[in-house]
Amino acid sequence: MSGIGKRTELEMLGKKNIILGNNLTKFVVKDLIEFIKPETLVFVIITDTNVEKLYLQEFLNEFKKYGYIGNSTEFIKVPINGNEIRTTRSTKKLKMKKIIHYVIPPGEGNKSRETVSRVQDFLFSEACDRDTTLIGLGGGVIGDLVGFIASTYLRGISFVNIPTTLLAMVDSSIGGKNGVDTPAGKNLIGTIYQPIRIYIDTNFLMTLPKREFCNGMAEIIKTCAISQDQKWFEFLEIENEFTKFITSLDTSININQWDESPHFQLLISKIIQFSVKFKARVVTEDERDKGRRQTLNFGHTIGHALEQHYTPHLLHGECLSIGMILEGKIAVGRNHAEPILIERLETILKNFNLPIGLNDEKIRERILIVPPIKIEKLLKIMKTDKKNGSGSIHIVLLNGIGELLKPRALSVSDGDILTYIKHDIEKAISKTTLTLMETI
């Protein structure tokens, strides 16, 4: 990736702090150093081992052109989840321009309080002060971690999001929600703390595995489902050049496919822009998540519960996909929506190779090694959801595509949840049991 690509500025909370474009590496570094944080002496890039191999060195090299020195050759072995990883640190604590980095293993399992403590200790060892700016270079796990660390380190320092996955570009990097997972549930410890900049570079999609691309499409589909502007949902639910390109991929988008598909690049940029603008408007209206912002969690009350049980075997978007179907069935069962809601959701999710149930053949082999979730456990996990109130589970309900029952999550009784989705959960348990018996 060379040169500076085209870019668009998008507004959130009264500031044009979201930059969307392609080939942005040179621009990102120049923008940070010359215009956004010129007083910053120390930038710290936090990333994971997957992204490190692909993009870290390019960013380090660009910073060094501006006189920033990198990590020293002193290597530290840090144990995380039983694995040793190698990170480096500068042995000098002098006031000079530095670009240092810290690398963690990938995966939701590392979005933990333990990881936060290790990164914070690293920052202390580098004498990072309040003028330090953190840079989260990676997917949703990195963005959530870096935002949480920035909001708590020295009671708050600046940070920047550079999302490298489609999921992070359209969802987790936008809006300032940060946090870590605990055994009790996802994101139960966290803050709302805004990055000073979000740089969305579509060139990162060139190295994204197909499954991760479809994972991100689940969040885009959710946005299309709750948006009054239904044109993007209608576009995605029919087979066209966009859906054909995704489904034709073997394992990932390669550079040749990307370069030879300018129309696809244009379409994905447009739909990312639509999703980001939609979420930015909602966040601007309800930053603290008291009402309208809750609607962004359509599919998530059930989806997060499934994700907690099946991680790492199912991805966030895969659980969200199933969650949208099951929460849609609750809306239909309570006579808020017609069955066509489920039919349209199933069609569009299938178009992007996403599961529509726990017995979907696309995921069956992955979850066979996990005891199937029982409805009682599902309800128990759902009761820890952050949207809940007054002792009841809250779910975002639709009247139809593009039609919210209310602009917030609504109380749904345990009885209604059992009535309308218990059959789907028990059917999945039966199929899993049958499949296991056939393999013996």
*Answer with yes or no whether the side chains of T133 and T40 bring together a donor and an acceptor at under 3.5 Å.*
yes
_Tell me if a side-chain donor or acceptor on R293 pairs with a main-chain N or O of V283 at a distance below 3.5 Å._
no
*asked:* With rounding to the nearest 0.5 angstrom, report the CG to CD distance, L13 to E287.
replied: 4.5 Å
*Which is it for R118 and Y102 under the side chain to side chain contact (heavy atoms under 4.5 Å, CB included) test, yes or no, and what are the steps along the way?*
CA-CA 10 Å; R118 292 187 183 100; Y102 190 94; 3.6 Å; yes
*Rounded to the nearest 0.5 Å, how far does NE2 of H304 lie from CD1 of I302?*
12.5 Å
*N178 side-chain N/O to Y193 backbone N/O, donor-acceptor pair under 3.5 Å*: yes
*Donor-acceptor pair, H309 side chain versus P371 backbone, under 3.5 Å?*
yes
*Any chance you could lay out the salt bridge (Lys or Arg N to Asp or Glu O under 4.0 Å) test for K65 and E62, step after step, and finish with the verdict?*
CA-CA 5 Å; K65 291 177 184 177; E62 201 60 37; 3.2 Å; yes
*Do the non-hydrogen side-chain atoms of I99 and I45 ever get within less than 4.5 Å of each other?*
yes
*Charged N to carboxylate O below 4.0 Å: is that the case for D289 and K177?*
yes
*Answer yes or no: is there a donor N or O on one side and an acceptor on the other, between the side chain of T347 and the main chain of E237, under 3.5 Å?*
no
*For the atom pair CG (L134) and CD1 (I157), what is the distance rounded to the nearest 0.5 Å?*
3.5 Å
*Is there a side chain to side chain contact (heavy atoms under 4.5 Å, CB included) between F278 and D229 once you walk through the steps?*
CA-CA 10 Å; F278 182 90; D229 182 359; over 6 Å; no
*Look at the side chain of N215 and the backbone N and O of R211, then say whether any donor-acceptor pair between them is shorter than 3.5 Å.*
no
_Are N351 and L236 packed together at the side-chain level, in the sense that at least one heavy-atom pair is separated by less than 4.5 angstrom?_
no
*Find the distance between CD1 (I272) and CD1 (I268) and round it off to the nearest 0.5 Å.*
4.5 Å
*Going by the side chain to side chain donor-acceptor pair (under 3.5 Å) test, name the single residue among N50, T207, N203 that passes it with Y55.*
T207
*Let me see the working for I220 and L166 under side chain to side chain contact (heavy atoms under 4.5 Å, CB included), right down to the final yes or no.*
CA-CA 9 Å; I220 290 174; L166 182 59; 4.1 Å; yes
_Just verifying a value: how many Å separate E403 CD and L341 CG, rounded to the nearest 0.5 Å?_
9.5 Å
*Strictly by modelled atom types, are Q120 and T152 linked by a side-chain donor-acceptor pair under 3.5 Å?*
yes
*Check for a donor-acceptor pair, side chain of Y153 on one end and backbone N or O of C128 on the other, with a separation under 3.5 Å.*
yes
*Locate the shortest heavy-atom distance separating I322 from L306; write the atom from each residue and the value.*
CG2-CD1, 3.7 Å
*Do NZ/NE/NH1/NH2 and the carboxylate oxygens of K231 and E234 come within less than 4.0 Å?*
no
*asked:* Quick one, L358 and D424 - any side-chain contact, counting heavy atoms below 4.5 Å?
replied: no
*Reference residue N61; test side chain to side chain donor-acceptor pair (under 3.5 Å); the match among K64, Q57, E58*: Q57
_Between M217 and N353, is there a side-chain heavy-atom distance shorter than 4.5 Å?_
no
*asked:* How about CD on E34, more than 12 heavy atoms from neighbouring residues, nucleotides or ligands closer than 6.0 Å, or not?
replied: yes
_Minimum heavy-atom distance P163-A168, with the two atoms named_ = CB-CB, 3.6 Å
_Non-hydrogen atoms of A280 and I174 that approach each other most closely_ = N-CG2, 4.3 Å
*asked:* Any heavy-atom pair between the side chains of T311 and D181 that's under 4.5 Å?
replied: no
*K210 atom NZ, over 12 foreign heavy atoms within 6.0 Å*: yes
*Looking only at heavy atoms, what is the nearest atom pair of I246 and C214, with distance?*
CG2-SG, 4.0 Å
_With a 3.5 Å distance limit and no angle check, can you tell me whether D201 reaches the backbone of N23 through a side-chain donor-acceptor pair?_
yes
*May I ask you to decide if the ring planes of F63 and F43 are parallel, tilted or perpendicular, using 30° and 60° as cut-offs?*
tilted
_Exercise: do Q294 and H300 side chains pair donor with acceptor under 3.5 Å_ = no
*With no hydrogens and no angle check, is any side-chain donor or acceptor of E212 less than 3.5 Å from a backbone partner on P209?*
no
*Hey, what do you get for CD1 (I196) to CG (N17), rounding to the nearest 0.5 Å?*
9.5 Å
*Mind telling me whether F264 and W258 have parallel, tilted or perpendicular rings, with 30° and 60° as the class edges?*
perpendicular
*Candidate pair D144 and V180, rule side chain to side chain contact (heavy atoms under 4.5 Å, CB included), full reasoning*: CA-CA 7 Å; D144 283 0; V180 295; over 6 Å; no
*Verify, without hydrogens or angle tests, whether Q308 (side chain) and P183 (backbone) share a donor-acceptor contact under 3.5 angstrom.*
yes
*Please check if the side chain of S321 supplies one atom and the backbone of G317 the other of a donor-acceptor pair under 3.5 Å.*
no
*May I ask you to decide whether K222 forms a salt bridge with E219, counting only side-chain N to carboxylate O separations under 4.0 Å?*
yes
_Lys/Arg N to Asp/Glu carboxylate O, E108 vs K186, below 4.0 Å_ = yes
